[in-house]
Amino acid sequence: MFSSLQNPRQAAAQLMNFGLILSTAFMMWKGLSVITDSPSPIVVVLSGSMEPAFQRGDLLVLWNRNLYSETNVGEIVVYNVKDKDIPIVHRVVRKFGIGPDAKLLTKGDNNLSDDTELYARGQDYLVRKDIIGSVVGFIPFVGYVTIMLSEHPWLKTAMLGIMGLVVVLQRE
Amino acid sequence: MASTQEKITVYNLADLKNTSDDAIPNYLNSLKFSQSHRLTDVRLALGYAAFVVAGACFLWDYKLGFESTKYYTAAAVALYTLLNGALTLWIFYVEKGAVYEGTAPDADRTTIRITTATPSATEELRNTVLTRPFTEWFDGAGHFVAAPFQAMLASSIPVVGRLDPKRVAAAATETSSFESKYSAEILQALENAESAAEVISTATSVDAAATTTGTPAKKGGKRRKA
């Protein structure tokens with residue numbers, strides 16, 4: 001089983017195969033980022049604030065280019081709030097002005113009030129560059145895997161370890 | 001008869017092929033063939049270059065964020081795609097499953113390349129010269145047995161046979177039963193291969209029926225020992 005590791009070229013090739021699996025996954029993600037112009041082109045819904053449209057665990061596909069029209073009222077967008085790591089997916093309900101400086105107000109379909117509470121201290125509205133993409137497609141429930149993984153971090157380690165072992169120990 | 005090497009699972013086709021493949025350089029290098037690692041080295045260079053590009057991209061993305069580096073990221077994605085594409089083409093069209101490339105220590109400096117494949121891929125091999133069941137050189141417990149394997153190589157690849165006449169003689173006595181089955185076409189194919197003086201493919205295949213019937217008898221004994 002480990003005999004293949006004695007030949008340096010073979011060991012290098014097996015390590016390379018493992019590395020290429022990781023790097024290909026990463027570069028596909030980055031390719032999607034570049035195409036959609038979004039730092040995070042696929043996100044998972046973490047809360048029920050957009051029910052009944054999106055449930056916890058839904059996978060959303062984002063698009064961050066304004067090719068034909070600006071981001072308008074009614075669009076569901078994902079935005080980042082300053083100093084908060086977690087992106088939020090909510091609907092644009094008000095828009096004042098046009099262009100990159102237009103002031104946008106968002107609200108979760110399932111929430112009673114708009115998002116001013118969620119914004120950073122002193123922030124009353126969003127501008128276009130706070131948004132990392134508009135939702136253009138979704139796959140129900142698939143993202144639940146990542147919720148499981150982030151809520152139980154040891155699963156991540158275990159999965160990576162198993163994948164690594166399989167690739168290193170098994171040629172082809 | 002069993003050698004001192006570790007044993008493999010006879011049901012694992014990949015193990016059978018890999019063990020056999022590993023035995024080829026051992027044998028040929030012992031006959032003073034000089035092995036060329038060109039194919040592997042190019043593959044490693046392409047693969048690691050791609051990996052380095054991805055690693056650099058990861059680093060600047062992690063340190064500087066997406067927005068300020070996205071044009072570099074786009075370039076890195078394109079470069080990665082190119083390198084990975086080149087790697088894929090190299091594996092499919094140049095390496096084509098080659099497991100050994102080397103030059104014989106004879107006057108002609110004959111170069112041989114040995115390609116192996118398991119049955120599922122056999123149809124795609126254009127220069128298939130030889131198909132032999134793994135049972136010829138694995139015993140029922142999964143030990144690799146060098147002698148018949150080397151005899152097989154020596155008797156089917158002329159330049160190897162010339163360097164190791166002892167194995168050819170052994171092959172003639174051991175596998176005389178196979179001779180009628182293979183001789184005519186294979187000898188012709190070998191002749192052609194040698195006149196071309198470079199590409200000799202050997203396709204290894206498994207005779208599934210023989211493998212499974214051969215195994216259980218020995219397996220019982222093994223289990224008791226363990």
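By convention in this document, chain letters (A, B, ...) are assigned in the order of the sequence lines, proteins followed by strands, and residues within each chain are numbered from 1. On a predicted model such as this, the values are computed, not experimentally measured, just so you know.
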Note to self: Between N84(B), T40(B), D61(B), V53(B), who has the most heavy-atom pairs with chain A when the cutoff is under 4.5 Å?
What the structure shows: D61(B)
Next item on the list: Using a cut-off of 6.0 Å, state whether more than 12 heavy atoms not belonging to R94(A) lie near its atom CZ.
Entry: no
Margin query: Looking at Y48(B), I'd like to know if its OH atom is crowded, meaning that more than 12 non-hydrogen atoms belonging to other residues, nucleotides or ligands lie closer than 6.0 Å.
Written below: yes
Note to self: Looking at F51(B), I want to see if its CZ is surrounded by more than 12 non-hydrogen atoms of other residues, nucleotides or ligands under 6.0 Å.
What the structure shows: no
Item checked: Contacting region of F58(B) [heavy-atom separation from chain A under 4.5 Å] -> both
Next item on the list: Of all the heavy-atom pairs spanning R43(B) and A13(A), show the shortest one and how long it is.
Entry: NH1-CB, 3.8 Å
Checklist line | Residue L67(A) excluded, over 12 heavy atoms near CG under 6.0 Å | finding: yes
Notebook entry, point to check: Got more than 12 heavy atoms from elsewhere within 6.0 Å of NZ, K103(A)?
Noted result: no
Notebook entry, point to check: How would you list, in number order, the residues of residues 18-45 of chain A that have a heavy atom less than 4.5 Å from chain B?
Noted result: G19(A), L20(A), S23(A), T24(A), F26(A), M27(A), K30(A), G31(A), S33(A), V34(A), D37(A), S38(A), P39(A)
Note to self: Using a 6.0 Å cut-off, check whether atom CE of M163(A) has over 12 heavy atoms from anything other than its own residue.
What the structure shows: yes
Check: Does I98(A) CD1 have over 12 foreign heavy atoms under 6.0 Å away?
Finding: no
Next item on the list: Go through the atoms of A78(B) and report whether side chain, backbone, both or neither lie under 4.5 Å from a heavy atom of chain A.
Entry: neither
Item checked: Portion of L87(B) that has a non-hydrogen atom of chain A nearer than 4.5 angstrom -> side chain
Notebook entry, point to check: Quick one: does E67(B)'s side chain get under 4.5 Å of K129(A)'s, heavy atoms only?
Noted result: no
Note to self: Are more than 12 heavy atoms, taken from residues, nucleotides or ligands other than E117(A), located less than 6.0 Å from that residue's CD atom?
What the structure shows: no
Notebook entry, point to check: About how many Å separate CG of D21(B) and CD of Q10(A), when rounded to the nearest 0.5 Å?
Noted result: 8.5 Å
